[in-house]
Amino acid sequence: MIDPKFLKPYSPQEAEPRVYKLWEDSGYFNPDNLPGKREKPYTIMMPPPNVTGILHMGHALMLTLEDILIRYKRMRGFKTLWLPGTDHAAIATQSRVEKDIYKAENKNRHDLGREEFLKRVEKFAKESHDTIASQIRIMGASCDWSREAFTLDEKRNLAVRAMFKKMYEDGLIYRGHRIVNWDPKGQTTISDDEIVYEERKGILHTFKYSKDFPISIATTRPETKLGDVGVAVHPDDERYTKYIGKTFEVKDFAGVNLSIKIVGDKEVDPKFGTGAVGLTPAHSHTDWDIAVRHNLPKDKIVINEYGKMTENAGTQFVGKKIAEARELVVDWLKEQGLLEKEEEISQNIATAERTGGIVEPLPKLQWFIDVNKPIVEREGKTLKEIMHRAVANKEIKILPEHFEKTYFHWIENLRDWCISRQIWYGHRIPVWYKDTQIFVGLEAPTETGWEQDPDTLDTWFSSGLWTFSTLGWPEKTQDMSLYHPTDVLETGYEILFFWVARMILMSGYALGQIPFHTIYLHGTVRDAKGRKMSKSLGNGIDPIDVAKKFGTDAGRMALIIGNTPGTDTKISEDKIRGYKNFANKIWNITRFIIENTPDTEYSPDFTEWCESDKKLVTERDNLIAESTKDVEEYRLYMAAEKLYHYSWHSFADIIIEDSKTVFKSGNEKDVMSRKQFLLQTLRLTLITLHPFMPFVTEEIWQTIPTLKSKGLLMIEQWPYSKI
RNA sequence: GCGCCUUUAGCUCAGCUGGUUAGAGCGUGCGAUUCACAUUCGCAAGGUCGUAGGUUCGAUUCCUACAAGGCGCACCA
């Protein structure tokens with residue numbers, strides 16, 4: 001008797017939660033519980049979503065791609081581990097919570113104090129985590145919850161401390177006083193990669209320090225000139241060579257005394273401005289470098305951490321904001337008749353990715369990772385070389401391939417990585433100070449008087465360890481030896497440098513291993529018009545709403561079809577609706593077949609095909625073989641589309657339609673052959689579509705008595721496993 | 001400034017290593033539909049494959065230049 005469910009349209013809302021529970025309760029998400037021998041492991045570490053809120057379409061795409069790969073490999077008999085987790089996302093989470101608290105209570109983090117503030121952040125992170133974990137389930141992700149990790153939990157903290165200690169002892173981590181990127185809004189340093197450049201209009205002022213100063217200079221930041229210590233010109237610039245080496249005393253530059261030494265440096269572009277650069281080493285990266293080369297004073301700081309002028313800027317400027325000071329200096333130059341020219345130019349302003357604050361270069365004592373130091377344990381290779389080599393010698397393959405060039409280009413320009421942050425939420429730096437002594441270790445020294453460094457680590461330091469901190473490193477666990485290196489790292493191309501490169505660095509350094517064999521980079525999910533989804537535009541599609549309205553399967557298909565690696569993809573409700581109809585189509589295919597084969601036993605070894613069906617078998621098997629190859633070669637979009645097209649436009653539209661005639665004909669051999677073909681193809685359709693549309697296929701499998709008796713579709717064997 | 005990507009039907013995109021009438025989905029038009037389908041099915045229209053050269057027996061596919069759009073990195077005094 002046909003199950004009455006089939007008399008109504010397929011209801012993903014009803015089926016999906018029930019089916020997920022069935023899977024989760026089976027224990028098969030955990031590779032230890034999978035049936036059969038399964039000697040070969042297949043591992044994916046889930047890129048941990050930030051605990052700053054809820055999942056968006058990008059997460060849905062990531063989860064879909066990874067789930068397809070994992071489900072496919074599980075059906076191919078691999079010991080599949082997909083390890084889920086979340087990321088504490090230090091700055092992002094801290095600033096989010098700060099904002100909330102300020103809105104609700106008009107307090108900042110200092111009003112609450114470190115301990116109380118951290119409690120609040122942890123509470124927020126916990127809630128956010130719970131939301132995310134439930135949303136990952138809604139997406140149908142077949143990941144091993146028993147191994148779930150958090151970048152800031154105890155085990156990961158141990159890994160972080162162990163790594164810091166190891167790198168410190170190898171001389172790769174050092175403390176240095178140098179110019180860093182300071183975010184006045186977030187009150188912390190940030191790395192070069194956390195800077196976003198924004199093009200803005202600025203005014204280039206050309207002026208002289210004093211009437212009798214021989215060289216005019218140009219600047220967009222007149223207020224910093226209060227801290228100038230020199231002027232740099234190109235060594236071959238004939239206009240200025242006669243001044244190189246001389247020092248000029250400027251008695252009164254807007255109220256301060258300046259001692260300006262003229263130096264020749266080839267970094268100076270003689271064609272820009274006047275061809276002479278006023279040097280402010282404390283507030284400019286390039287000026288700092290020039291000052292180092294020519295031994296000029298570097299610590300004349302005129303702007304502090306809050307973006308205000310310091311005492312060095314003179315009594316009339318101290319305490320004033322940058323913008324105000326800038327106007328005052330310009331006014332003064334005008335009054336003195338020193339301003340020669342003002343022109344509008346466009347310039348790139350460095351802003352902090354997370355807070356949007358304008359980045360102020362400042363000299364500070366910070367912790368760095370040396371990317372150019374030869375490592376004894378690694379045959380004298382540097383971290384840069386470790387990162388470069390893994391991709392260059394094809395140990396790691398990037399998809400799409402052209403991102404390799406981007407990757408190499410980034411490595412070439414890489415400078416030492418500043419890893420200390422002046423924020424509270426994150427891994428505390430495992431360094432203790434007592435007078436002039438420094439102690440670096442896993443635990444605090446037992447004697448009294450030691451104080452721990454107040455700073456925390458860049459969040460990407462802990463994410464860099466993700467492929468192995470999740471497996472228990474630094475302990476020598478069974479998981480470590482079985483699952484590392486992992487197989488695929490699937491993530492968005494925008495975090496290739498932030499994260500992917502750092503994992504290659506950390507794994508290569510600490511283990512002498514690559515972290516993964518293949519990098520699959522997906523693009524950004526955009527709206528129907530190609531715009532980025534954002535809160536302010538209100539054009540976002542919430543994957544959870546999609547699940548409610550159309551079903552997760554439909555959302556997954558819409559995300560995957562037409563989506564090639566590295567390319568942005570557009571999605572709309574219309575597209576999703578199409579795949580909702582497809583789920584219903586499979587539902588009705590099933591209904592037709594069971595209604596028309598009530599007395600037919602499915603026999604797996606059936607060979608008595610009539611002539612016309614022989615062709616159908618070949619066609620179908622070729623299609624499955626092609627799709628299998630597509631999945632193996634990461635053309636998931638292609639496999640999904642082929643299977644979709646076959647099910648609907650061959651199997652349903654042609655073959656099933658034709659069956660109506662065959663059944664009427666009454667030719668017994670033909671009828672039997674066709675019935676067997678329909679049953680067999682239904683079974684194969686469900687199996688091959690399962691990685692893409694896991695819910696509807698499993699629901700059907702569980703509803704048909706003969707298929708259900710074989711257990712879960714999730715662990716059914718993929719056909720033609722020789723491919 | 002250095003580099004990467006994209007440019008194929010009205011829209012969104014496929015087209016793997018060059019080879020018969022260039023494909024899909026959506027949309028459009030016409031027709032059918034109490035017979036698995038909160039619909040579905042059939043048929044049809046629609047493309048000088050960004051522009052200009054080149055390699056080749058043959059190029060949407062390879063090379064060069066150019067144009068438009070997008071992106072990354074660096075500089076930014």
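Quantities reported herein were computed from a predicted structural model and do not represent experimental measurements. Throughout, protein chains are lettered first and strands after them, A, B, ... in sequence-line order, and every chain is numbered starting at 1.
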Under 4.0 Å between any heavy atoms, over every strand shown, what does [X] touch: base, sugar-phosphate, or nothing? Just pick one.
X: A:Ala232; result: nothing
X: A:Gly273; result: nothing
X: A:Glu657; result: base
X: A:Ile656; result: base
X: A:Ser572; result: nothing
X: A:Ile589; result: base

I want to check one thing: is the phosphate of [N], taken as OP1 and OP2, less than 4.0 Å away from some side-chain N or O of [X]?
X: A:Lys585; N: B:C41; answer: yes
X: A:Asn348; N: B:C75; answer: no
X: A:Tyr637; N: B:G15; answer: yes
X: A:Thr286; N: B:C76; answer: yes
X: A:Lys575; N: B:U12; answer: no
X: A:Lys642; N: B:A24; answer: no
X: A:His649; N: B:G25; answer: yes
X: A:Asn581; N: B:U40; answer: yes

Please report the distance, rounded to the nearest Å, between [atom1] in [X] and [atom2] in [N].
X: A:Ile654; N: B:C37; atom1: CD1; atom2: C1'; value: 17 Å
X: A:Tyr197; N: B:G72; atom1: OH; atom2: P; value: 13 Å
X: A:Met557; N: B:A24; atom1: CE; atom2: P; value: 17 Å
X: A:His402; N: B:C71; atom1: NE2; atom2: P; value: 15 Å
X: A:Phe498; N: B:G72; atom1: CZ; atom2: P; value: 11 Å
X: A:Lys629; N: B:U17; atom1: NZ; atom2: C1'; value: 10 Å
X: A:Phe582; N: B:A24; atom1: CZ; atom2: P; value: 17 Å
X: A:Glu353; N: B:G72; atom1: CD; atom2: P; value: 11 Å

First of A:Asp192 and A:Lys271 reached from the 5' end of RNA chain B, by closest nucleotide: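 Checking each residue's closest nucleotide, the 5'-ward one belongs to A:Asp192.
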
Position toward the 5' end of RNA chain B (nearest nucleotide), A:Asn596 or A:Arg415: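 It is A:Asn596, whose closest nucleotide lies nearer the 5' terminus.
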
Do you know which two heavy atoms are closest between A:Arg239 and A:Thr274, and how far apart they sit?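 Scanning both residues, the minimum pair turns out to be NH1-O, 3.4 Å.
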
Which heavy-atom pair separates A:Glu657 from A:Asp653 by the least distance, and what is that distance?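 That closest heavy-atom pairing would be CG-O, 2.9 Å.
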
[atom1] gap between [N] and [M], integer Å:
N: B:C75; M: B:U56; atom1: P; answer: 45 Å
N: B:U39; M: B:U28; atom1: P; answer: 15 Å
N: B:A74; M: B:C4; atom1: C1'; answer: 15 Å
N: B:A38; M: B:U48; atom1: C1'; answer: 45 Å
N: B:G3; M: B:C66; atom1: P; answer: 12 Å
N: B:C57; M: B:A52; atom1: P; answer: 23 Å
N: B:U60; M: B:C49; atom1: P; answer: 7 Å
N: B:G50; M: B:G70; atom1: C1'; answer: 15 Å

Is the shortest heavy-atom distance from the side chain of A:Asn581 to the side chain of A:Trp648 under 4.5 Å?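 Yes - at least one pair of side-chain heavy atoms lies under 4.5 Å apart.
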
Side-chain contact, heavy-atom cut-off 4.5 Å: A:Thr247 with A:Ser259?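 Result yes, sub-4.5 Å side-chain heavy-atom pair found.
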
With respect to the side chain of [X], which nucleotide from [options] is positioned closest?
X: A:Lys405; options: B:U40, B:C4, B:C37; value: B:C4
X: A:Phe592; options: B:A24, B:A36, B:C73; value: B:A36
X: A:Phe497; options: B:G72, B:C76, B:U12; value: B:G72
X: A:Asp653; options: B:A74, B:A36, B:G42; value: B:G42
X: A:Asn588; options: B:G42, B:U12, B:A38; value: B:A38

Looking at [Y], is its backbone amide N or carbonyl O close enough to the side chain of [X] to form a donor-acceptor pair, meaning the two atoms are under 3.5 Å apart?
X: A:Thr382; Y: A:Glu385; result: yes
X: A:Lys532; Y: A:Thr524; result: no
X: A:Thr564; Y: A:Thr567; result: no

Both distances below 3.5 Å, Watson-Crick or wobble geometry, any strand: find the nucleotide opposite [N].
N: B:U40; result: B:A32
N: B:C26; result: B:G10
N: B:U55; result: none
N: B:C71; result: B:G3
N: B:U60; result: none

Residues A:Arg221, A:Glu360: salt bridge by 4.0 Å N-O rule: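 Judged by the 4.0 Å cut-off on N to carboxylate O distance, A:Arg221 and A:Glu360 do form a salt bridge.
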
Which of these, A:Trp460, A:Trp410, A:Trp417, sits in a ring-ring contact (aromatic ring centres under 6.0 Å, His included) with A:Phe497?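 Passing option: A:Trp410.
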
Protein proximity profile, nucleotides 26-33 of chain B - base contact B, sugar-phosphate-only contact S, no contact -, cut-off 4.0 Å on heavy atoms: --------

Angle class for the A:Tyr209/A:Phe207 ring planes (parallel below 30°, perpendicular above 60°, tilted otherwise)?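 It falls in the perpendicular class, over 60°.
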
What about A:Phe550 and A:Tyr579, are their ring centers closer than 6.0 Å?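 Aromatic pair excluded; centres sit 6.0 Å or further apart.
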
